[in-house]
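Scope of the values below: all heavy atoms of this structure, side chains included, with no hydrogens, waters or symmetry mates. Here, residue 1 is the first one in the sequence, and each next residue gets the next number.
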Amino acid sequence: MSDTHWQPSGSLENLKIRARLLQSIRAFFAERKVLEVETPALSPASVTDPQLQSFITRYSQSDYYLQTSPEFYMKRLLAAGSGDIYQIARVFRLDEKGRHHNPEFSLLEWYRLAFDHHQLMDEVEQLLQCCMSFEVTVRRVSYQQAFQQALEIDPLTSDAQQLQACALQHQIEVPQGMTVDDKDMWLDWLMVSAVAPAFEKDRFIFIYDYPASQAALARLSSEDARVAHRFELYYGELELANGFYELTDAAEQRRRFESENLEREKSGLSPVPIDERLLSALESGLPDCAGVALGLDRLLMLMTEAGSISEVMGFSVE
C-alpha cells in the first residue's frame, strides 16, 4: 500500500475557498483604505494571559516567543502614526490541538481609529456579509444577559461560591483542579459548558461587555467599572473573534500585566516578560481605537461545512 501521509490535510477545493476568502478580505479593507501590515512572529516578550501559552525558542542566548497574536506590534505601529491597519498573520499557541484547534493558525487582526467596540462590531458584521455565501444575521447580547438567560445568575454580582452552586444546581460536571475561590475560572467554565451551548446553532452572536477581570487589554466602562468593553463573536457555541475598545493607559496596562503574571505563578506557570516596548508606545500615545482578532480557519470551517480545522488548512501540525 502506498504511503499517502505526504498529502495535504485540506482538500484542494477548500484551499481554493481559502484563497478566495483572503482576496475578499483584502478587497474589503482596500475599499476602506485600511493599510495591510506585517509584524514579526518572534518577540522577546509575549502575552501574560494565564489562559494562553506561547512557544519558546532560543536566539542569541535569549528566550524568544512565537506570538499568539500580532497585537503588541500592531499597537506600536498605531502609536507611531500608522492609521487604520490590518494583518493576516500566522500565530502560535502551545497545547492547542483538536477539532477546532491547531497550534499554528491564521488570524485576521485589525484596528480602527476613533471606533468604539460597538462600531467595530458593526464592521465585523459587514465583513461577514461580504465573505459568507449565506445571509448573515447577528444577534447582540451582553455577557450579563447571556448568563441570566442560560443560568438565571448574574455574573457581575455572584461570587465564586455562588457560581459553584449554580454549576451543581444545573448538574454541570466540574473538572478536577477547579479552584473553589477563583471566580474567573468558574465564569469561564460556565460559559464553555452551559452558556455558549445555549446559543442558537445556526446564527452569529456578539457577546459584549465582559467582566473587567476578563479583559486585560480593554478599557473599563465609564458607567459600570465592573464591566470592560470587550466582545466576542460566536457562531453557535464556536468562538470566532475577540475584540476590544482598546486600553490606552500605560500605567493601568502595566498593572494588569503584573496582575496576570501573579495569577500565572499561583497556577504553577512561569511568568512571562512584560513587553516594555508596548508600554513605551502607550506612554507616547496610543490613539483612541478599537481592535479585533478573527480566526480565519474557524471561519473557513463554517464556509465549507468542514468537520475539523485540519480540513481547511494546507497542512495541519503533524
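One finds no salt bridge joining E258 and R255 here, because no Lys/Arg side-chain nitrogen approaches an Asp/Glu carboxylate oxygen to under 4.0 Å. With respect to E260 and R264, no salt bridge is recorded, no charged nitrogen being found less than 4.0 Å from a carboxylate O. Ion pairing between E311 and R99 fails under the 4.0 Å rule for side-chain N and carboxylate O. In summary, R256 and D249 do not engage in a salt bridge, as defined by a charged side-chain N under 4.0 Å from a carboxylate O. Contact check on D122 versus R140 returns a salt bridge, with a Lys/Arg side-chain nitrogen under 4.0 Å from an Asp/Glu carboxylate oxygen. In this structure, R298 does not pair ionically with E237, as no charged nitrogen and carboxylate oxygen lie closer than 4.0 Å.
For the pair Y234 and V195, the minimum side-chain heavy-atom distance is 4.5 Å or more. Residues F147 and L187 are in side-chain contact: their nearest non-hydrogen atoms beyond the backbone lie under 4.5 Å apart. In this structure, D275 and Y73 have side chains that are not in contact, with every pair of non-hydrogen atoms separated by 4.5 Å or more. In this structure, the side chains of L128 and L299 come closer than 4.5 Å at one or more pairs of heavy atoms. Two residues are said to be in side-chain contact when any heavy atoms from C-beta on lie closer than 4.5 Å; L217 and D49 fail this criterion.
Within 6.0 Å of atom CD in Q7, more than 12 heavy atoms from other residues, nucleotides or ligands are found, so the atom counts as buried in its surroundings. The 12-atom threshold is exceeded at CZ of F134, counting heavy atoms of other residues, nucleotides or ligands nearer than 6.0 Å. For K16, the NZ atom sits in a loose shell: 12 or fewer heavy atoms of surrounding residues, nucleotides or ligands are nearer than 6.0 Å.
Applying the 4.5 Å side-chain rule to ILVMFWY residues, one finds L156 in the same cluster as V227. Through direct or indirect side-chain contacts shorter than 4.5 Å among Ile, Leu, Val, Met, Phe, Trp and Tyr, L15 is connected to L12.
The minimum heavy-atom distance between L78 and C289, with the atom names listed, is CD1-SG, 4.2 Å. Across all their heavy atoms, L286 and A79 have their closest contact at CD1-N, 4.1 Å.
Cation-pi geometry between R32 and F28 is met: the NZ or CZ atom falls under 6.0 Å from the ring centre, inside 45° of the normal.
Side-chain atoms of S308 and S310 form a donor-acceptor pair, as typed in the model, at a separation below 3.5 Å. Side chains of Y86 and E36: a donor on one and an acceptor on the other come within 3.5 Å. When only modelled atom types and interatomic distance are considered, R93 and S54 share no side-chain donor-acceptor pair under 3.5 Å.
Classified by interplanar angle (parallel below 30°, tilted 30° to 60°, perpendicular above 60°), the ring pair F257/F72 is tilted.
Of the possible polar contacts, one joining the Q53 side chain to the P50 backbone as a donor-acceptor pair under 3.5 Å is found.
Among the candidates R230, R219, K75, the single residue satisfying the salt bridge (Lys or Arg N to Asp or Glu O under 4.0 Å) test with E246 is K75.
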